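It should be emphasised that the depicted structure is a prediction, and the values quoted were computed from it without experimental measurement. Within every chain, numbering begins at 1; the chains are lettered A, B, ... in the order of the sequence lines, protein sequences first and strands thereafter.
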2 protein chains.
Amino acid sequence: MENSKSLQLNQQLCFPLYAIAKEITGLYRPFLDELDITYSQYLVLMVLWEQDGQTVNQIGEKLYLDSGTLTPLLKRLENKKFISRKRKKEDERVVEIFLDEAGKQLKTKACEIPSKIQEKLNLSQNELIELKTDIQKILNRILP
Amino acid sequence: MENSKSLQLNQQLCFPLYAIAKEITGLYRPFLDELDITYSQYLVLMVLWEQDGQTVNQIGEKLYLDSGTLTPLLKRLENKKFISRKRKKEDERVVEIFLDEAGKQLKTKACEIPSKIQEKLNLSQNELIELKTDIQKILNRILP
DNA sequence: CGCAATTAAATTGTGTACAATATAATTGTG
DNA sequence: CACAATTATATTGTACACAATTTAATTGCG
């Protein structure tokens with residue numbers, strides 16, 4: 001039985017998904033370059049803008065990232081004076097992340113990004129929500 | 001005007017997309033580990049299984065990857081004896097990629113992967129096609 | 001209490017991604 | 001034909017992503 005058709009690139013979900021994820025981070029790049037942050041750093045900052053003072057673990061749970069990714073990324077954000085890393089007194093294993101002044105101010109500039117991206121995507125509000133809902137549905141199904 | 005709600009992680013399309021792309025490559029990992037290849041290497045091999053003897057450029061256009069990514073990746077596939085890299089005689093700048101015997105045989109094993117993934121995703125054929133079509137639609141809109 | 005088990009980050013190693021630059025071959029134009 | 005412009009790949013440097021291991025602190029159990 002010739003089953004090889006299933007292996008065609010566009011036959012599968014994985015490739016368009018892989019491609020669009022890359023393309024979309026590419027859309028953010030010019031805006032994020034202006035703020036001197038990367039896409040992953042932007043995600044971490046969004047988590048902190050929602051709630052300051054979270055632990056590495058909490059950030060990792062929200063972004064599905066482990067310490068191998070976060071530790072160096074957070075150190076780079078610290079070097080750029082956007083955040084501070086402080087070990088918790090009650091439990092020295094835990095590192096809490098706090099926004100510095102520059103990190104807080106970045107939020108104001110970043111606020112304009114989502115609408116600029118939506119403009120570039122040129123999707124109606126409905127299309128956007130529909131796609132996001134579909135993806136969320138699958139995510140919930142495959143996540144532990 | 002308080003615009004900060006727009007910056008919430010799940011308010012935006014980008015994060016679910018980023019997350020699901022990572023999760024889905026994670027679904028492939030156990031199967032690809034058995035074949036001793038990575039997800040990106042799997043994509044390259046799929047391109048070659050469809051048509052052998054393509055140039056680095058052609059592969060890059062199909063996968064939206066540049067030589068900075070492909071050159072080392074292809075060298076790793078060559079080290080594992082899955083492919084061979086040969087400079088074209090008529091134009092020494094061009095490198096053509098050919099499947100070795102082991103690379104061709106890998107296709108047989110890989111043929112089982114798509115159905116296994118679909119099983120894990122637990123999506124109906126319709127849901128799958130719908131999502132893929134939506135993504136494809138956006139991709140076509142944002143790609144040059 | 002004492003120590004094994006657990007937990008939180010950090011580290012190490014491999015493999016993408018991608019911008020920027022370099023190298024080498026080919027093409028096009030005066 | 002010479003040489004500037006173009007093209008294809010390679011290289012360099014930075015930044016993820018993640019598995020596996022390590023380190024250090026804390027917890028829980030006998």
Side-chain angles (χ1 to χ4, degrees), chain A residues 14-15 18-30 32-45 54-61 63-80 82-83 85-97, chain B residues 14-15 18-30 32-45 54-61 63-80 82-83 85-97:
Chain A
C14 65
F15 177 64
Y18 159 89
I20 201 177
K22 277 198 315 170
E23 287 307 316
I24 289 202
T25 66
L27 291 184
Y28 281 81
R29 214 181 312 278
L32 297 177
D33 280 352
E34 278 182 49
L35 308 187
D36 189 30
I37 53 176
T38 66
Y39 185 72
S40 307
Q41 291 167 11
Y42 172 64
L43 292 179
V44 168
L45 287 170
Q54 296 187 68
T55 68
V56 173
N57 226 345
Q58 289 175 313
I59 297 171
E61 272 173 26
L63 299 178
Y64 312 114
L65 293 172
D66 70 3
S67 68
T69 302
L70 284 175
T71 297
L73 186 157
L74 291 166
K75 284 180 178 173
R76 280 186 286 270
L77 282 177
E78 188 175 43
N79 286 338
K80 290 190 270 199
F82 291 135
I83 63 160
R85 303 160 65 250
K86 299 197 182 90
R87 288 212 174 255
K88 202 167 183 170
K89 277 201 199 69
E90 309 92 285
D91 187 342
E92 288 276 349
R93 290 170 306 178
V94 176
V95 172
E96 290 176 319
I97 309 296
Chain B
C14 65
F15 178 64
Y18 160 88
I20 200 176
K22 279 200 312 171
E23 288 306 317
I24 290 202
T25 65
L27 290 184
Y28 280 82
R29 214 180 312 277
L32 297 177
D33 279 352
E34 279 182 49
L35 308 187
D36 189 30
I37 53 175
T38 66
Y39 184 72
S40 308
Q41 290 166 11
Y42 172 65
L43 293 178
V44 168
L45 287 170
Q54 296 187 68
T55 68
V56 174
N57 225 347
Q58 290 175 313
I59 296 171
E61 271 172 27
L63 299 178
Y64 312 114
L65 292 173
D66 70 4
S67 69
T69 302
L70 284 176
T71 298
L73 187 157
L74 291 166
K75 284 181 178 173
R76 280 187 284 270
L77 282 176
E78 187 176 43
N79 286 339
K80 289 192 268 199
F82 291 135
I83 63 160
R85 304 162 63 252
K86 299 198 183 87
R87 288 213 176 256
K88 203 167 182 169
K89 276 202 200 70
E90 308 93 286
D91 186 341
E92 289 276 350
R93 292 170 305 178
V94 177
V95 173
E96 290 175 317
I97 309 296

### Query
So, for B:Q58 and B:T55, which heavy atoms are closest and what is the spacing to 0.1 Å?
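For B:Q58 versus B:T55, the nearest heavy atoms are OE1-N, 2.9 Å.
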### Task
Indicate the atoms forming the closest heavy-atom contact of B:K22 with A:L63, along with that distance.
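Where B:K22 meets A:L63 most closely, the heavy atoms are NZ-O, 3.4 Å.
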### Side-chain touch A:T38/A:T25, heavy atoms, less than 4.5 angstrom
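Sidechains of A:T25 and A:T38: no contact.
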### Query
Is the shortest heavy-atom distance from the side chain of A:L65 to the side chain of A:I59 under 4.5 Å?
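Side chain of A:L65 against side chain of A:I59, heavy atoms only: no contact under 4.5 Å found.
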Calculate the interatomic distance between [X] atom [atom1] and [N] atom [atom2]; express it in whole Å.
{"X": "B:L65", "N": "D:dA10", "atom1": "CG", "atom2": "P", "value": "14 Å"}
{"X": "B:K86", "N": "D:dT9", "atom1": "NZ", "atom2": "P", "value": "15 Å"}
{"X": "A:Y42", "N": "D:dC16", "atom1": "OH", "atom2": "P", "value": "15 Å"}
{"X": "A:R29", "N": "D:dC16", "atom1": "CZ", "atom2": "P", "value": "11 Å"}
{"X": "B:D33", "N": "D:dA20", "atom1": "CG", "atom2": "C1'", "value": "13 Å"}
{"X": "B:E61", "N": "D:dT7", "atom1": "CD", "atom2": "P", "value": "12 Å"}
{"X": "B:I24", "N": "D:dA17", "atom1": "CD1", "atom2": "C1'", "value": "17 Å"}

### Query
Using 30° and 60° as the class limits, which term best fits the ring planes of A:Y42 and A:Y28: parallel, tilted or perpendicular?
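If you compare the ring of A:Y42 with that of A:Y28, the planes turn out tilted.
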To the nearest 0.5 Å, how far apart are [atom1] in [X] and [atom2] in [Y]?
{"X": "B:E92", "Y": "B:E90", "atom1": "CD", "atom2": "CD", "answer": "9.5 Å"}
{"X": "A:Y18", "Y": "B:I24", "atom1": "OH", "atom2": "CD1", "answer": "14.0 Å"}
{"X": "A:L43", "Y": "B:C14", "atom1": "CG", "atom2": "SG", "answer": "6.0 Å"}
{"X": "A:L73", "Y": "A:S67", "atom1": "CG", "atom2": "OG", "answer": "12.0 Å"}
{"X": "A:N57", "Y": "A:I97", "atom1": "CG", "atom2": "CD1", "answer": "11.0 Å"}
{"X": "A:Y64", "Y": "B:E23", "atom1": "OH", "atom2": "CD", "answer": "7.0 Å"}

### Query
A:T25 near the nucleic acid: base, sugar-phosphate alone, or nothing, with a heavy-atom cut-off under 4.0 Å?
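Answer is nothing: A:T25 stays at 4.0 Å or more from every strand.
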#### Entry: Five-pair end axes of the helix from C:dC1-D:dG30 to C:dG30-D:dC1 and the angle they enclose, rounded to 10°
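Axis-to-axis angle, ends of the helix: 0°.
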### Query
Mapping A:K22 and A:V95 onto DNA chain C by nearest heavy atom, which one lands closer to the 5' end?
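Looking at DNA chain C, the more 5' nearest nucleotide goes with A:V95.
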### Query
How would you list all residue pairs meeting side-chain hydrogen bond (donor to acceptor under 3.5 Å, both in side chains) that involve residues 70-80 of chain B, not counting sequence neighbours?
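Every side-chain hydrogen bond (donor to acceptor under 3.5 Å, both in side chains) pair that includes a residue of residues 70-80 of chain B, provided the two are not neighbours, is B:Q41-B:K80.
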### Message
Does a side-chain N or O of A:S40 approach OP1 or OP2 of D:dA15 to a distance below 4.0 Å, or not?
### Response
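The answer is no; no side-chain N or O of A:S40 sits under 4.0 Å from OP1 or OP2.
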### Query
Quick one: is D:dA17 close enough that its OP1 or OP2 comes under 4.0 Å of any side-chain N or O from B:Y18?
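So the side-chain polar atoms of B:Y18 do come within 4.0 Å of the phosphate oxygens OP1 or OP2 of D:dA17, strictly under.
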### Message
Looking at A:E96 and A:K88, is there a salt bridge between them, counting it only when a charged N and a carboxylate O are closer than 4.0 Å?
### Response
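Result for this pair is yes, salt bridge flagged.
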N/O to N/O distances under 3.5 Å, protein versus nucleotides 25-27 of chain D:
from	atom 1	to	atom 2	distance (Å)
D:dT26	OP1	A:E90	O	3.4
D:dT26	OP1	A:E92	N	3.2

### Message
Going 5' to 3' along DNA chain C, which are the first and last nucleotides with any atom under 4.0 Å from a heavy atom of chain B?
### Response
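With heavy atoms of chain B under 4.0 Å away, the range is C:dG15 to C:dT26.
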### Residues which pass side chain to side chain contact (heavy atoms under 4.5 Å, CB included) with A:D66, listed by chain and number, not counting sequence neighbours
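With neighbours one apart ignored, the set is A:T69.
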### Query
What residues in residues 66-76 of chain B put a non-hydrogen atom under 4.0 Å from any atom of DNA chain C?
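Residues of residues 66-76 of chain B that come under 4.0 Å of DNA chain C are, in numerical order, B:D66, B:G68, B:T69, B:L73, B:R76.
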